[in-house]
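Working notes, beginning with the structure itself.
Chain letters run A, B, ... following the sequence lines, proteins first, then strands; residues in each count from 1. What you are looking at is a predicted structure, and each value in this text was computed from that prediction instead of being measured.
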Amino acid sequence: MPTIDLETETGREEALRRMLTIRQFDTTAGERFADGEIPGFVHLYIGEEAVGVGACAALEDDDYITSTHRGHGHCIAKGLDPKPMMAELYGKREGYCNGKGGSMHIADVDAGMLGANGIVGAGPPLGTGAALTIDRKDEDRVALSFLGDGAVAQGQVHSAANLAATWDLPVIFLVENNGYGEGTPAEMQHNVENLSATAGAYNVPGITVDGMDITAVNEAVTEARERARAGDGPTFIEAETYRFHGHFEGDEELYREDDEVERWQARDPIETFAQRLIDRDELTDEEYEALQSEVETTIEEALEYAQSAEEPAPEEAYDDMFAAEVPEITEFARRVRADGSGHGGER
Amino acid sequence: MASAGLEAEQTETMTVREAIRETLREELARDEDVFLMGEDIATMGGVLDVTGDLHEQFGKDRVRDTPIGESGFMGAATGAAATGSRPVVEIMFSDFVGVAMEQIMNQMAKMRYMFGGKTEMPVTVRTTEGGGMGAASQHSGTVHSWIAHFPGLLAVAPGTPAAAKGLLKSAIRSDDPVFFFENKMIYEQSGEVPTDEDFTIPLGEASVEREGADVTVVATQRLVGESLSVADDLEGDTDVEVIDLRSLYPLDTDTIAESLAKTGRLVVADESPLSYGVHAEVMARAVEDAFYSLDAPIQRVGVPDTHIPFSPSLEREVVPDSAQVREAIERIA
């Protein structure tokens, strides 16, 4: 059974809820970042919600995903809890990574989420590896690697895709083509119009779908998943989408015009999907508003949880390096902290 | 003091190559989650014949020939390790580690830490290092200093057949990423190897291969054997203690410090570029932990910050051997 069955009314409502949750999570994260509460960088998924939710809805709970810089949406789509997610953005101990990962590295291996990733193109080799485990253990699961359009220029993506295709591994490569690799237009980074053309080099199916349409994404991934499970190997899917915000929060977006952003915003994947449900009398305006306020509450609670969560103790910086005891870490940490303050005091 | 770990009752004479191959065979047989992958390791048996006939015994699922794409298969090993497999990857020549470095340094080494300890990374990377075959700069490098320097990776380098077996077992059974560096010039070196299928050497434990009172030589890989032969030559003149460092990270400071308490003199012999590497680290540990034992300046034997040239006369110039170890000992003895 897929995680969310878009063939059913309850499934469609849940998909809408997850898209709204992503939108609200990232809107809040953007605001809190602008206010200086969230350190580091944040890369928001706003505008791309139909891709993450459409794809993860087609997966089963024990399938794996790998993610990108823009991972919050993938996490929520995969069913991760916004509370420890937000706490991770705040660098708190209650975060998914105990405050060691932050926005770009949220992971929950038990939930099949093998990490957002700060290196463009690093996820597909990892997804291929998860598929290798699945294949070797003869498990009925698949791995799906999200990658951005920029990642299609990375050698390791092709090296992994070649391996996956040669070995018929159960992995799906889902390219989120949002038109820009950081600040450079996709057409200046690739010599093909559709990035799904990549599939041709590996003799696997490559398809391009409308990434603003959750149903189109969901159908493509459902088909790719069946293919993967049948032992027929990977599929390349390109979802044409758009990020409504800059590459990172604070990005001045000098590389694109406002009217382009507005044109895409008119195709908002959440509004489009909600309107479709309203038109089919599956959803009333009141129910939609109720859903929106439910999601606002969820994210408010996540924010309060994160804000009031505990900071990690400075000496926790030395935890989690290895499964084994490594004397160097203890010894060097002891020397750094010999005066009782470590490096972690006030600056 | 750490021992050579040869107290086991049963031993068999074998080469380093055979010790590695038999260890892989035993670990493949012991644990279904273990599998090997790399370029030409199955049908061809490895370019230096280390994996040999393993594919015939275990089949192509357990011993996998990969496409020539280190970044892809190293990444696949990393993803496989994070999801319950125990891959043993071969990088044909250590110079090619560079091709896979992104997956090694940013994924394999960092995932456990970045995820707050919520994954294990039981991957072993075997690779062959060193000059001496006229293989020129891109097939003769020694890169273990980079790996040992990088947080999140463990690194070992055997100097004897027994160390090869014990360390490789520990590497494969470890839940952390372990790099296992084989010097290609010692594959034919033979010695006594315990036959016990559970013979392991703890990661982070050096071995005193020869006791002595005058000078300590901390050596790695091929230079362990070279140093032992120098010690024999100098017998009656200078009493040389030879330590096989074995584990580059973690590094056994205690065994070095204990030896220096006896000898007061230290030579570090490792076939890697001299700057910023294993030599420097061993010297730093000696200074930090055994400064007052030192009676003479520490000497280092290694590659003088060059690449390995092709011409045999040039290669002999830069790749250290027993002559350089002997000169270093004589400078301080």
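Put simply, the side chain of A/Thr133 never gets that close to the backbone of B/Gly84: no donor and acceptor are under 3.5 Å apart. The backbone N or O of A/Val109 sits nowhere less than 3.5 Å from a side-chain atom of B/Lys118 that would complete a donor-acceptor pair. No donor-acceptor distance shorter than 3.5 angstrom exists from the side chain of A/Asn162 to the backbone of B/Pro67, with no hydrogens or angles considered.
Residue-level contacts of residues 135-148 of chain A with chain B, in order of numbering, are A/Asp135, A/Arg136, A/Lys137; threshold 4.5 Å between heavy atoms.
Remark: B/His149 NE2 is loosely packed, at most 12 non-hydrogen atoms of other residues, nucleotides or ligands lying under 6.0 Å away. Atom CZ of A/Phe248 sits in a crowded spot, with more than 12 heavy atoms from other residues, nucleotides or ligands closer than 6.0 Å. Heavy atoms of other residues, nucleotides or ligands lying less than 6.0 angstrom from CD of B/Gln138 number 12 at most.
How far CE of B/Met111 is from CG of A/Asp320: 14.0 Å, rounded to the nearest 0.5 Å. Note that the CD atom of A/Glu328 and the CD atom of B/Glu281 stand 7.5 Å from one another [nearest 0.5 Å]. Taking CD of B/Glu288 as the reference point, atom CZ of A/Phe332 lies at 6.0 Å (rounded to 0.5 Å). Here A/Glu88 contributes atom CD and B/Phe115 contributes atom CZ; the two are 10.5 Å apart, rounded to the nearest 0.5 Å. The CD atom of B/Gln107 lies 7.0 Å from the CD atom of A/Gln156; values are rounded to the nearest 0.5 Å.
Geometrically, A/Lys100 engages B/Tyr113 in a cation-pi contact, judged by NZ or CZ lying under 6.0 Å from the ring centre and within 45° of the ring axis.
For A/Ala317, the parts lying near chain B are the backbone and the side chain together; criterion is any non-hydrogen pair under 4.5 Å. When heavy atoms are compared at a cutoff of 4.5 Å, B/Pro87 does not approach chain A at all. Heavy atoms closer than 4.5 Å to chain B are found in the side chain of A/Asn117, but not in its backbone. Only the side chain of A/Leu132 comes within less than 4.5 Å of a heavy atom of chain B; its backbone N, CA, C and O stay farther away. Contacts between B/Met37 and chain A at a heavy-atom distance below 4.5 Å involve the side chain alone, from C-beta outward. Contact of B/Asn106 with chain A is made through the side chain alone, with heavy-atom distances under 4.5 Å. For B/Arg86, no part lies under 4.5 angstrom from a heavy atom of chain A.
The greatest number of non-hydrogen atom pairs below 4.5 Å with chain A, out of B/Leu203, B/Leu251, B/Thr253, B/Asp175, is found for B/Leu251. Between chain B and the options A/Ala130, A/Gly155, A/Ala164, heavy-atom pairs under 4.5 Å are most frequent for A/Ala130. Of all the listed residues (B/Thr119, B/Thr66, B/Val99), the one sharing the greatest number of non-hydrogen pairs under 4.5 Å with chain A is B/Thr66.
Between B/Gly69 and A/Ser159, the shortest heavy-atom distance links the atoms O-OG, 3.2 Å. Across all their heavy atoms, A/Leu163 and B/Gly72 have their closest contact at CD2-O, 4.2 Å. Considering all non-hydrogen atoms of both residues, B/Asp289 and A/Arg335 come closest at OD1-NH2, 3.2 Å. Scanning both residues, B/Glu120 and A/Ala323, for their nearest heavy atoms gives OE1-CB, 3.3 Å. The minimum heavy-atom distance linking B/Tyr249 with A/Ile329 is given by the pair OH-CG1, 3.9 Å. Here the closest heavy-atom approach between residue A/Ala122 and residue B/Gln103 is recorded as O-NE2, 3.1 Å.
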Report task. Go through the steps for B/Thr83 and A/Ile134 under the test side chain to side chain contact (heavy atoms under 4.5 Å, CB included), then give the verdict. Result -> CA-CA 9 Å; B/Thr83 50; A/Ile134 294 165; over 6 Å; no

